A.B. asks: 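The following block contains the structure, expressed as structure tokens.
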Number of protein chains: 2
Amino acid sequence: MASEVIVDKIAKEIAGDITWSDFPGKSMRKWREIFGVTQLVISKRMGISSSVLSDYEKGRRTPGSGFVKKFVRTLLEIDRERGYVIVKELARGQKLPPSALLDMREFPQKVLLKEVVEAVKGIVLYGSEKLDKQIYGYTVLDSIAAIESMTGQEFLSIMGLTTERVLVFTNVGTGRSPMVAVRVSFLKPGAVVVHGPKAVDPLAVKLAESDGIPFILSQVPDVQSLLNGLRGLLRKKENQ
Amino acid sequence: MASEVIVDKIAKEIAGDITWSDFPGKSMRKWREIFGVTQLVISKRMGISSSVLSDYEKGRRTPGSGFVKKFVRTLLEIDRERGYVIVKELARGQKLPPSALLDMREFPQKVLLKEVVEAVKGIVLYGSEKLDKQIYGYTVLDSIAAIESMTGQEFLSIMGLTTERVLVFTNVGTGRSPMVAVRVSFLKPGAVVVHGPKAVDPLAVKLAESDGIPFILSQVPDVQSLLNGLRGLLRKKENQ
DNA sequence: CTAGTATTTCGACTATTATCGAAACCTATT
DNA sequence: AATAGGTTTCGATAATAGTCGAAATACTAG
């Protein structure tokens, strides 16, 4: 299956292209054509009359952001049923998420670090005074795979739009190499969470300290719970 | 200066994030905070009352796509005056456009290949029967710089969202290496335009032929005219 | 040229956005 | 506790999106 991360990214790019365009309607048509869908088909899906789409495409009026969202969602839905043929095509130009990348999300609004700590059942090993820091997203990496397969380049590109996010490493031995990695690549995440180690290497804590990056040990039983915890927080913020 | 291409890309990403969000207002607030601007400041810039922004951020109503665009544009404008401090920060996560990248744009609507040919005063060396092909954007590369400095990775990443675009090479000797490059990296642009060569290598044409990619020789006097021609087409489409 | 699709056009109505301005409400800071 | 900057709330109004449906066109494959 096309990774959800990628589909999401493409969705945003399309939505952005439409919204940023001087002529949203033209861009909508462009995307509709790229996905090879007729006005009739998509309008039926969206539960509206096809003339509505025509009116937009011809610029009689401009769509609201809600409409754009629904439109893009529908395009992607249709494509999913066709086996994501177009998404796959579009994804080719994108950098693929390295297999080490388990999840990557943006929060719809700021989240406090302490909330993330809670979501991952974390113990704060350094930075307890910074728990009110704002966080805008998270990235979850499999540290073994990351170290083996990722180049420095990829490592950088993995951070989403903002660096005000939490970097979560799973599959961690002692926590040392993740912190070293963070050190050498000069990216400064808002916080680092490690999952897995029985005992945390004191040097890791020291590194975090000297970089001023809060360092958290997650205590959930397994990776799936970790991902679920974060997703849960995301969903909560979406509906809050 | 931060390259226009990058700023544009970031603009789209932000617009996409807002539009795609379940709570556009929350996302707007997030971005406003990331850019470190108060409601008062930005609303004054936009020529509206600050309560309008508050209403959005609190979800009293959801913004139209026009509003989102204006909002993002204003954020970026403010940041530009501050020396693009935030954009630079955001761009760090992005892949930088290699210096070989002279321009890269998306058309707001489909454009026929023949129109592009006209815009670059091109002679069709192969593919005259495909002039009605649809094109959605263009990428202009300095071929010398490209060959010297770009890795295969970068080469791939240079194509925008769709590959239904024209790849334009400037500074071309015989047209051979650009086509070889296109050959080896498995990207298939909608057409290739070369600018510069006195005489075109027959092998280049042959390669284009066997890949089925229209191959065009531009006859404008210099690179600037080439870029202008393409920009002109873009603008025309925007206002058409 | 003819069916049959797909798209465009347009008048009409309702629901929402776009916008203001004034007053109330928060924090910090003096 | 008084000042001040920032934010929220809310009633009000004009403008516009959101939507339909039917008729007019355009396009395409026989």
Side-chain angles (χ1 to χ4, degrees), chain A residues 15 18-75 78 82 108-110 112 132-134 240, chain B residues 15 18-75 78 108-112 129 131-134 240:
Chain A
I18 293 171
T19 306
W20 187 246
S21 162
D22 283 334
F23 267 94
K26 283 184 186 166
S27 176
M28 285 169 71
R29 162 162 238 151
K30 174 177 86 177
W31 287 106
R32 180 172 66 75
E33 286 175 347
I34 287 176
F35 278 83
V37 191
T38 70
Q39 291 179 346
L40 240 49
V41 167
I42 192 173
S43 65
K44 175 158 279 181
R45 271 304 270 254
M46 294 176 76
I48 59 174
S49 156
S50 75
S51 64
V52 173
L53 284 179
S54 179
D55 280 346
Y56 286 135
E57 291 186 3
K58 302 309 281 184
R60 188 152 86 125
R61 33 177 101 29
T62 49
S65 63
F67 191 93
V68 172
K69 190 186 172 191
K70 201 159 120 194
F71 176 77
V72 175
R73 186 171 355 103
T74 309
L75 279 182
I78 291 172
R82 294 174 175 169
Q109 58 173 312
K110 71 162 179 256
L112 297 183
D132 285 323
K133 212 171 168 178
Q134 296 177 12
Q240 174 179 296
Chain B
I18 294 172
T19 306
W20 187 247
S21 163
D22 285 331
F23 264 94
K26 283 184 187 166
S27 176
M28 285 170 72
R29 163 163 237 151
K30 173 178 88 178
W31 288 106
R32 181 172 65 75
E33 286 175 347
I34 287 177
F35 278 84
V37 192
T38 69
Q39 291 179 347
L40 240 50
V41 166
I42 192 173
S43 64
K44 174 158 279 180
R45 272 302 271 255
M46 294 175 74
I48 60 174
S49 155
S50 75
S51 64
V52 173
L53 284 180
S54 179
D55 280 346
Y56 286 135
E57 292 186 2
K58 300 310 282 183
R60 188 153 85 127
R61 44 179 85 52
T62 50
S65 63
F67 191 93
V68 172
K69 190 187 172 191
K70 201 160 119 193
F71 176 77
V72 175
R73 186 171 354 102
T74 309
L75 279 184
I78 291 172
Q109 58 173 313
K110 72 163 178 256
V111 165
L112 297 182
E129 75 286 1
L131 291 176
D132 285 323
K133 209 170 170 179
Q134 297 176 12
Q240 175 179 295

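If you're wondering where the values come from, they're calculated on a predicted model, not measured in any experiment. A note on names: the letters A, B, ... follow the listed sequences, proteins ahead of strands, and every chain is numbered from 1.
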A.B. asks: Distance from Phe23(B) atom CZ to Lys58(B) atom NZ, nearest 0.5 Å?
C.D. replies: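 That separation rounds to 10.5 Å.
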
A.B. asks: Measure from the side-chain N and O atoms of Ser27(A) to the backbone N and O of Pro24(A), and report whether any donor-acceptor pair falls under 3.5 Å.
C.D. replies: no

A.B. asks: Do any N or O atoms from the side chain of Ser65(B) and from the backbone of Pro63(A) form a donor-acceptor pair under 3.5 angstrom?
C.D. replies: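 The answer is yes, because a donor-acceptor pair under 3.5 Å joins these two groups.
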
A.B. asks: Between Ser21(A) and Lys26(A), is a side-chain contact (heavy atoms from CB on, under 4.5 Å) present by the stated rule, with each step listed?
C.D. replies: CA-CA 8 Å; Ser21(A) 162; Lys26(A) 283 184 186 166; 5.5 Å; no

A.B. asks: What is the distance from CZ of Phe71(B) to P of dT17(C), rounded to the nearest Å?
C.D. replies: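 To the nearest whole Å, that distance equals 17 Å.
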
A.B. asks: With rounding to the nearest 0.5 Å, note down the distance linking NZ in Lys133(B) to CG in Leu131(B).
C.D. replies: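 If we round to the nearest 0.5 Å, Lys133(B):NZ and Leu131(B):CG are 10.5 Å apart.
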
A.B. asks: Main chain of Thr74(B), side chain of Arg45(B): is a donor-acceptor contact present, judged purely on distance under 3.5 Å?
C.D. replies: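 Checking the backbone N and O of Thr74(B) against the side chain of Arg45(B), no donor-acceptor pair under 3.5 Å is found.
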
A.B. asks: Just the rounded figure in Å: distance from P of dT8(C) to CZ of Arg32(A).
C.D. replies: 7 Å

A.B. asks: For Phe71(A) and Phe67(A), take the angle between the two ring planes, folded into 0 to 90°, and tell me which bin it lands in: parallel under 30, tilted 30 to 60, perpendicular over 60.
C.D. replies: parallel

A.B. asks: Can you tell me the distance, in whole Å, between the CD atom of Glu33(A) and the C1' atom of dC27(D)?
C.D. replies: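 To the nearest whole Å, that distance equals 14 Å.
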
A.B. asks: Reading nucleotides 17-25 of chain D from the 5' end, what letters show protein touch, with B for base, S for backbone sugar-phosphate only, - for no heavy atom under 4.0 Å?
C.D. replies: BBBBBB---

A.B. asks: May I ask you to verify if any side-chain N or O of Ser54(B) is less than 4.0 angstrom from the OP1 or OP2 atom of dT7(D)?
C.D. replies: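 No, because none of the side-chain N or O atoms of Ser54(B) sits under 4.0 Å from OP1 or OP2 of dT7(D).
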
A.B. asks: Could you identify which residues of residues 35-43 of chain A place a heavy atom less than 4.0 Å from some atom of DNA chain C, listed by residue number, or say none?
C.D. replies: Thr38(A), Gln39(A), Leu40(A)

A.B. asks: Using OP1 and OP2 only, check whether a side-chain N or O of Arg29(B) sits under 4.0 Å from dG6(D).
C.D. replies: no

A.B. asks: Send over the distance from Lys44(B) NZ to dT7(D) C1', rounded to a whole Å.
C.D. replies: 16 Å

A.B. asks: Give me the atom names and distance for the closest heavy-atom approach of Tyr56(A) to Thr62(A).
C.D. replies: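 That closest heavy-atom pairing would be CE2-C, 3.9 Å.
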
